[in-house]
Amino acid sequence: MNEIRLLFRKDILILINNLKLILRNPVRLLPYAGIGGYIFFMYYLRLKNRDDDAPAAEIPELDLNGLPEVNFAMQNIVGAVTILALGVLIYQLFNATKKNVSFFKMADVNLLFTAPVKPENILIYYMARSILPSLGGAIIFVAYFSSQAIDTYDISIGNFIFLVLAAALFFFIISPIKFLVYTLNSKYEVMGYIRMGVVILAVLLSGMIIIPGLMAEKFWQGMSAWITSPWFDFFPIVGWSRGIGTYILHQNAILSIGFVALYGISYFVILKLVIRFAGYYYEDVLEATKSNEEQLEKVKGKKQVGESSYSLNTKKKLALPDFGTGAKAFYWRNYVHSSRQDFHPLFGLYSLIMVGIGIVLSILSLFEWFSHYFLYGYLLIMLFLYFFAGIGRANVGDLKKPFFILIPATWASKFWNMIKLDLLQITLFCIALIVPSVLIAGLNWYIIPLFLFATIEIYLVGFGINIIPQIALDEGWDRKLIKPFMIGGIVLFGFVPAFTFSVVAFIASKQFVWALFGGTFGLFFVAAILMHVTLDVLKRLEFKEM
């Protein structure tokens, strides 16, 4: 007990030192203050609207005992959340069979592992302490979404607490389970059996979605019938969290507390098993801790991401054609990098998988297993992914290197060759995805060019958000502070008007094609402005020693 008290005192001292650093530079709190201010502002607006218009709407009761007279909309909402949680759980369990999880940092490894403290006490303390990030993330997550729904649902203190517990306990318990899985394999080499068990569980859960969908008149009407039934609340972890979170529906505190108790019992059992089988776990933890530290440094920009990251063909022998001279060297560099990342520089395995998913959804919608809205939702997800692909552009740092400035070509030519390969990849992917999907599902033909233009526009918006602060600002803290405000301004004055125009067009026409037109039209001006600013910033680059 004294050792755990000492570990707790160490963390309190670290917390005090961090608070002192913040007080010396309060500017670091601006992004968090912006998030908090936005949430409170939304609470104020929603509550004001509720008081002015009408009292909070009553939560519809769910009839989950059978398919007849069921509220399919609410059933599919609950089912979608449950399926998402099941997907996260299965992915994390399968990921546990590949690499270990660590609760430590390299500083802990260097100081604590050499200290005269029992390994069991260190593990118990750090495993229990891992609930704090999950709890903090759950509070922010629930606070944000409750601010959007408080004018519709009564978010009392009890509802808020149980929603936070549902999310926090779900993400907290996954790490001890992953640690236990890796520990059992280290001692008994049972990874093959565990991996097979995860695959069987995934197949059974898929059957619980597919079978009732096939039995129903329409697939989307029955796909959530079994997993939204009340008995599924007793399914470990996912069901327990749903049972805790649905306190907002059933208002049965005893039932929700019972599911919290199940989490507590499970954690106690997992902890006992880990302590019994882990032994001297230092060697197993070291590799995972070092890997986590390297990933953190890459995110902070302290280490450059190598070409081998996420690559499928690092040892491939390349026979590339002559690309020419001048600014085309940038296109050649990106072409070589892409050739090593995938099986073809223009259209690779990942693109093929995403196209295949879209074609499968279009076939299912043709046979009315799915509504067309599932395909529309998938297209919107692709737009979302390409936006973050633009933000995550890896080689922006090359803009400040000597070879970028010294190449004898115009700034516009250099910029075009930088993004030329990306635009070719986007064009080929969009054509391969949208043309068969439109033809198979019988959608409006105007969706084809609109989806292509929208994808290119949203990629350029993300690329502009990434490139402008990177090359215009020299100080790291300036980039960290300006970039969130830049994203917020683009979202507020760019995405929100485009989204509003899109929603109005959909309400007026009841057709997705006009909604897509509204969003594409609005994003065109945002992308054009950002590209103009990008070219202007490029022309002002100076030769600096990095």
Side-chain angles (χ1 to χ4, degrees), residues 326-335 337-338 346 380 382-401 403-405 407-431 434 448-474 478-479 482-502 516-542:
K328 293 181 180 179
F330 297 109
Y331 176 65
W332 172 84
R333 187 180 187 280
N334 292 333
Y335 195 91
H337 180 67
S338 183
L346 296 179
L380 295 178
M382 291 298 100
L383 294 176
F384 182 78
L385 291 178
Y386 271 101
F387 172 69
F388 282 97
I391 291 181
R393 189 70 150 74
N395 61 349
V396 172
D398 294 342
L399 296 174
K400 289 189 176 182
K401 299 295 178 63
F403 58 77
F404 184 84
I405 299 176
I407 287 179
T410 63
W411 294 108
S413 177
K414 295 177 183 180
F415 180 67
W416 161 247
N417 280 279
M418 270 188 59
I419 64 174
K420 179 181 175 181
L421 182 64
D422 296 337
L423 298 183
L424 289 176
Q425 290 174 339
I426 292 173
T427 301
L428 291 176
F429 169 76
C430 291
I431 292 174
I434 199 63
I448 296 176
L450 288 175
F451 179 73
L452 174 60
F453 292 145
T455 308
I456 293 175
E457 288 170 2
I458 202 165
Y459 173 81
L460 293 177
V461 170
F463 183 71
I465 291 174
N466 184 30
I467 194 174
I468 293 173
Q470 288 289 337
I471 63 179
L473 303 173
D474 295 326
D478 289 339
R479 291 194 293 267
I482 294 298
K483 195 170 182 179
F485 286 104
M486 183 178 176
I487 294 175
I490 292 172
V491 170
L492 185 61
F493 300 106
F495 283 171
V496 171
F499 178 75
T500 303
F501 191 20
S502 180
L516 186 60
F517 171 77
T520 305
F521 180 77
L523 285 174
F524 172 78
F525 297 99
V526 181
I529 293 172
L530 285 178
M531 290 302 99
H532 176 76
V533 174
T534 300
L535 283 174
D536 186 62
V537 171
L538 280 175
K539 295 175 183 178
R540 302 174 190 274
L541 272 178
E542 297 180 7

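Minimum heavy-atom separation, Ser502 to Gly519: CB-N, 3.8 Å.
Partners of Leu424 by side-chain contact (heavy atoms from CB on, under 4.5 Å), not counting sequence neighbours, listed by chain and number: Tyr331, Leu346, Lys420. For Phe387, the side-chain contact (heavy atoms from CB on, under 4.5 Å) test picks out Ile391, Ile458, Val461, Ile465, Phe495, with sequence neighbours left out. For Phe524, there are no ring-ring contact (aromatic ring centres under 6.0 Å, His included) partners, not counting sequence neighbours. Looking at residues two or more places apart in sequence or on another chain, you find a ring-ring contact (aromatic ring centres under 6.0 Å, His included) between Tyr386 and Phe429. For Leu452, the side-chain contact (heavy atoms from CB on, under 4.5 Å) criterion is met by Thr427, Cys430, Ile456, not counting sequence neighbours. With sequence neighbours excluded, the residues that form a ring-ring contact (aromatic ring centres under 6.0 Å, His included) with Phe517 are Trp514.
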(request) Report the C-alpha distance between Phe463 and Leu530 in whole Å, list the side-chain angles of each, state the deciding distance to 0.1 Å, and finish with yes or no for side-chain contact (heavy atoms from CB on, under 4.5 Å). (result) CA-CA 9 Å; Phe463 183 71; Leu530 285 178; over 6 Å; no
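The aromatic rings of Phe521 and Phe525 sit perpendicular, their planes meeting at an angle over 60°, well past the 30° parallel limit.
With values rounded to the nearest 0.5 angstrom, Leu460 atom CG is found 10.5 Å from Leu523 atom CG. To the nearest 0.5 Å, the span separating CD1 on Ile426 from CD1 on Ile431 amounts to 12.0 Å.
For the pair Glu457/Thr520, a side-chain contact is recorded, criterion being any heavy-atom separation below 4.5 Å from C-beta on.
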